[in-house]
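Every chain is numbered from 1, with letters handed out A, B, ... down the list of sequences.
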Number of protein chains: 2
Amino acid sequence: MAAKPDQPERISEAEQAVMEALWQRSPLTAQEVCEEVCGPRGWSLNTVKTLLSRLVTKQAVATEPDGKRFLYSPKIARAEYVGTESRRLVDRLFGGRAAPLFAHLAQSDALTENDIAEIEALLKELKS
Amino acid sequence: MAAKPDQPERISEAEQAVMEALWQRSPLTAQEVCEEVCGPRGWSLNTVKTLLSRLVTKQAVATEPDGKRFLYSPKIARAEYVGTESRRLVDRLFGGRAAPLFAHLAQSDALTENDIAEIEALLKELKS
DNA sequence: CTCCATCGTTTACACACGTAATCGACTACG
DNA sequence: CGTAGTCGATTACGTGTGTAAACGATGGAG
């Protein structure tokens, strides 16, 4: 049987927090991940372990044995995740077109002076 | 007791489909909503009714009796929904800053020529 | 009046998610 | 050697979501 395309399963919000830790630095043990996220989110180590297992089944992180424990590393790049999530939103809310999103952000004052300047710079680059 | 701010409950993806119908035209009966969405999503009328009830409890749609049935209308504006959803994404993925989102869309070729032109125009307006 | 179609309401049920306690294996300390 | 700590794995449990069937009221067709 031909290997299925195996479309990447969705990463939930809590799981993302774990991914962020791994994207920042990896490989990490469950302990180390907990040191990064348990404080801010008020989680227990067990919670982190559960999330890590789920991420492993979702093929989003890889494990590598290290003595009696595991080291975890992200299997998908942050840029990839960010890409699909952004595209999903743009599709869901703006019919797949990015300009309306931009317009909306502008209108709702979600853009700082700085953002505008940066975007302008990016635009200039795009046109070159 | 002071009336709580009553922070608007989250609207799920399936519920959004129902909202879209109502944003397009309202008020509608459950039947009419189904005519709009049941086809594309492969839903039964019952499903639509369930979603409508949930939206009513979530205070996202209002009902108005019309003989023996109800007419449903959105209670929150689409712009409002779109706003909170966009902001949520920008917060979750880009630390609340919009420029990186734009950069990402640009880099991943999610921006058409047209998008870029439109954004440029918007920028020009913003600066005036 | 009786019965059927149609409403909205109630109940159902499987799966995802958030959050964790518990379990069984193993190791290091005493 | 026993035992306490630590690992990952298993199980748990409440809530939200997707999807719908079942139920009860009711109004219109005969």
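- Contact annotation for A:Thr50: base contact, defined as any heavy-atom pair under 4.0 Å involving a base atom.
- Atom pair A:Arg41:CZ and C:dG18:P shows a separation of 8 Å (rounding to whole Å applied).
- With C:dC7, C:dT19, C:dT27 as the candidates, the nucleotide lying closest to the side chain of B:Lys49 is C:dC7.
- Take the nearest nucleotide of DNA chain C for A:Leu51 and for A:Lys68: the residue whose nucleotide is more 5' is A:Leu51.
- By the 4.0 Å N-to-carboxylate-O rule, B:Glu15 lies too far from B:Arg10 to be salt-bridged with it.
- Two residues, B:Phe70 and A:Gly42, neighbour DNA chain C, and the one matched to the more 5' nucleotide by heavy-atom proximity is B:Phe70.
- With salt bridges taken as basic N to acidic carboxylate O contacts below 4.0 Å, none links B:Glu80 and B:Lys75.
- Summarising the geometry, atom NZ belonging to A:Lys49 is positioned 10.0 Å from atom OG1 belonging to A:Thr29; distances are rounded to the nearest 0.5 Å.
- Contact annotation: A:Ser44 does not reach the phosphate of C:dT19 (side-chain N/O to OP1 or OP2, under 4.0 Å).
- One finds the CG atom of B:Leu28 at 11.0 Å from the OH atom of B:Tyr72 (value rounded to the nearest 0.5 Å).
- In 5' to 3' order, the nucleotides of DNA chain D bounding all contacts with chain B (an atom under 4.0 Å from a heavy atom) are D:dT17 to D:dT26.
- The side chain of B:Gln31 contributes no N or O atom lying less than 4.0 Å from OP1 or OP2 of C:dT6.
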